[in-house]
Amino acid sequence: MRHKELRLALVCYGGVSLAVYMHGITKEVWHLARASRAFHHPAAVPLDGVAAAYRDFLGELEREAGLRLRVLPDILTGASAGGINAVFLAQALHAGHSLEPLTDLWLANADVSELTDPDAAPGWRYGKLWAQPIAEWFLSRPGNAVSATVSPETRAEVRAKVSRLVRGRWFEPPFSGARFSAMLYEAFCKMAEEGDGVPLLPSGYPVDLVVTATDFRGHPETLRLNSPPQVDETEHRLPITFRARVGETGARGLADPLELVLAARATASFPGAFPPLTLAEIDALAAAEGHHWAGRGAFLSRIMPAHVARGTVDEAALIDGAVLVNAPFGAALSALYGRPAQREVDRRFVYLDPRPDGAGPAPGTRTRAVGFFGAIFGSLSTIPREQPIRDDLERIAQQSRDAARLKRIVMDLQSDIDRAVEKLFGFTFLLDRPTPKRLAGWRAKAQQAAAERAGYAFGAYALTKFDAILDQLARLTLKAAGSSRGDPVPLVRALRCELEARGLEQLTDAQGGATAAAIAFFRAHDIGFRIRRLQLLARKLARDWQVDPSISEDALDRARERIYEILLLYNRADEDVLHSPTFRELAVDAAKHPGALLDFLAAERLLPATDLAAEELLIDALEDMPKDLKRRMLLTYLGFPFYDVATLPLSRREGLDEFNPVKIDRISPDDALSIREGGTAATLRGIEFYNFGAFFSRDYRENDYLWGRLHGAERMIDLVTSTVPTGLRGETIAAGKRAVFLAILEEEEIAGRCQRGLVDQVRMEVRARMG
């Protein structure tokens, strides 16, 4: 039986009221993750409804294709209202919370009548009577926005609600930021109450969340030039990031609920509709809810270090993230670092685009002049959201090409390196039982041989390693000092000068090998080398890298578990040292006293006991392996210096981690046509009134939410199916989709959230199209 992980990095676009549609999609991602958890751990939590239908389809995949698949949505990014969906999904995945309260938030509260600030609404029906003629003219004149973009049956409701906005408070945002923040906080609390508390991802697995916000006033960032040496530039992009390993933060989830509220409220602070988010709003919410925000200072130092350093954090005003970054692919790509693969991985970047057709006029129609409101809405909600993502996709494609190239290099080198290791030690060394002393001797001999065979190339390799270690130490120090986004260059320079003063001017000797000082430095600080070696061992245990039918999947799984148990020792080294008060004190003055910092890290970061424990675990793992697998592991382990010399200067990456080809998938109405043809125009209603339509009508929200679930379900089945190179039988796929569609409709019928007529109509279409 083959084992594979389907890892999903979700990119949720901004889309104004089409966020309701995207919520339907993310809900299916959540249900599929629940199904995957239950499929691999049947005793964890019982399933019914649509999650059970997904679990059954995973069973069909195993029976028909011989593939046991684990689905892991682990990277969530988003902008604007799409960012809200990313925040809630990340919390549900990490903490085992329910996503149902977010459905209630979108359907019940995502309406202009609920979001309007009480101070902005007319006090009575005749309020601002003098403004009524203006409202009537705006809403009823020939070619007005409502008549041009809203369906006839909903125009009266939209006109009534727009009229209240026009007659309300002028020149100030009509919606209440404080009310919206309170709604978000309430939804997070209900999620925790209704969830089962069992995370949907494995223990220790990292979850990354990134949403974009726009710092209205901006903050200074340093640019380094030739002349002048440095200048300050005002930066307005403000990514709000979270990373937490499952199980490490206890029951509270990915982060403090107030931090998640801040992220969701900031990224969706639509200009002109909501007031900019300030910290005072979140502090007032904490006081009103009686919530002690223990990590406030640490969070703000991490998210807004420039503001904290300048003492302007209380003055920061955050607005909608889609103003500058509507499709945060770059953030998702950066989050791939630090995700080791325990088995074959199929990595997907999945982006949610509710309106791939754009908002332009249909072909053949007459283009009207751009009006006053059209220009405002278009510039704020349409143009930023329709910019091509070509640059981001090309970066991802380049990384995939680099990953494939690295794999080819390693596999091409394997036979030569295996022969070199066997010649170096003789065939009999494979018969000897490894001991810590023997492993140490073997490693030293292999490293010396790799340096000698590399010749002139070894100097470039040593310099690459040295630079990477200094950069890593500098970034670790900045993080401990509370300025993780600071410029590491000055600290790297200070560390380099200190090391040169200690006699490390040269890394290589006259014979081409490393100097004694360089060896001592690498032995004390080079965690990256140790991690890369273990990661290569793990890659060699994956079927997609090396196929040997004589080695059972069980043996490979046991070996992978042991390798990643060892990796955990080294992965925790940086996390452990960050908790040291002494390190935090040294980090503040590191540029002035780099020697003290280096001495502390040499003594406390990479402990000799860690290496000894790692060696003992590795020896136990080797003794448990079949002979052929033990041979492969020993040849790779001892041959790693040869691989590293050849590949590190090319990749310049500290670890192989999840350096695999990335595939890109889209979820949109145009990609899910099993039930109804026609794409966006035939299914969604929120596209009306410049994509604000669903904020003016509950019927529209119910429609878009239901179609979001159905389209998301279809694409989830497509994604699962695409992990099998040969595919599945057409009837198996169709049956799986039909079962999921009907389960969704039954769930919504029982919940009573959507109109009965809408559910019945779609059910009739499913049965007509799919039997």
Side-chain angles (χ1 to χ4, degrees), residues 203-206 208 243-249 298 302 335-342 436 439-440 443 447 464-482 484 488 491-492 495 499 518-538 561-587 590 594-619 621 637 640-641 644 648 653-659:
S203 179
Y205 196 87
D208 280 273
R243 168 174 271 209
R245 294 183 183 274
V246 173
E248 287 188 349
T249 53
R302 181 171 62 82
L336 288 180
Y337 175 74
R339 308 188 107 75
Q342 298 189 37
L439 275 182
R443 281 200 315 272
Q447 288 168 356
T464 301
K465 279 215 304 182
F466 183 68
D467 288 346
I469 294 169
L470 290 185
D471 185 73
Q472 174 61 19
L473 295 180
R475 293 184 186 278
L476 182 68
T477 303
L478 290 174
K479 188 174 182 179
S484 56
L491 185 51
V492 167
L495 294 174
L499 289 168
I519 292 173
F521 174 78
F522 292 144
R523 184 175 292 131
H525 297 285
D526 196 0
I527 291 180
F529 178 87
R530 294 157 167 89
I531 290 177
R532 289 194 303 274
R533 179 170 58 200
L534 290 165
Q535 286 171 338
L536 183 59
L537 290 177
E561 289 175 2
R562 305 299 291 276
I563 294 299
Y564 281 95
E565 185 180 354
I566 303 169
L567 261 173
L568 192 59
L569 295 174
Y570 292 114
N571 285 330
R572 285 178 173 168
D574 286 351
E575 297 174 13
D576 290 343
V577 80
L578 283 172
H579 294 308
S580 168
T582 303
F583 182 45
R584 288 195 291 268
E585 292 175 6
L586 291 171
L597 179 80
L598 286 168
D599 291 340
F600 176 84
L601 291 174
E604 300 294 334
R605 180 169 173 251
L606 183 53
L607 301 174
T610 302
D611 280 335
L612 181 60
E615 288 175 345
E616 290 175 346
L617 286 171
L618 179 63
I619 290 168
Y637 182 81
F640 179 73
D644 209 40
L648 184 64
R653 293 176 61 87
E654 293 179 16
L656 292 170
D657 46 73
E658 192 189 296
F659 199 50

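FYI, the numbering just counts along the sequence from 1.
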Spell out, as yes or no, whether a donor-acceptor pair under 3.5 Å connects the side chain of [X] to the backbone of [Y].
| X | Y | value |
| --- | --- | --- |
| Arg605 | Ala524 | no |
| Thr610 | Leu606 | no |
| Arg584 | Leu578 | yes |

For Phe521, the ring-ring contact (aromatic ring centres under 6.0 Å, His included) test, sequence neighbours excluded, returns Phe466, His525
Those residues at least two apart in sequence (or on a different chain) that pass ring-ring contact (aromatic ring centres under 6.0 Å, His included) with Phe522 are none
Straight-line distance of [X] [atom1] to [Y] [atom2], nearest 0.5 Å:
| X | Y | atom1 | atom2 | result |
| --- | --- | --- | --- | --- |
| Leu439 | Ile619 | CG | CD1 | 4.5 Å |
| Ile527 | Gln472 | CD1 | CD | 8.0 Å |
| Leu473 | Thr477 | CG | OG1 | 6.5 Å |
| Ile563 | Leu537 | CD1 | CG | 5.0 Å |
| Glu585 | Leu597 | CD | CG | 12.5 Å |
| Asp599 | Leu586 | CG | CG | 9.5 Å |

query = Is any side-chain N of the basic residue among Arg530 and Asp526 closer than 4.0 Å to the acidic one's carboxylate O?
reply = no
Is there a side-chain contact between [X] and [Y] (heavy atoms, below 4.5 Å)?
| X | Y | value |
| --- | --- | --- |
| Gln447 | Ile519 | no |
| Leu648 | Arg532 | yes |
| Leu617 | Leu569 | yes |
| Tyr637 | Arg533 | yes |

task = List the steps, then state whether side chain to side chain contact (heavy atoms under 4.5 Å, CB included) holds for Leu534 with Phe529.
result = CA-CA 9 Å; Leu534 290 165; Phe529 178 87; over 6 Å; no
* Could you label the plane-to-plane angle of the Phe600 and Phe583 rings as parallel, tilted or perpendicular, counting under 30° as parallel and over 60° as perpendicular? => parallel
Between Arg443 and Glu615, is the salt bridge (charged side-chain N to carboxylate O under 4.0 Å, His left out) condition met? List the steps. CA-CA 11 Å; Arg443 281 200 315 272; Glu615 288 175 345; 2.7 Å; yes
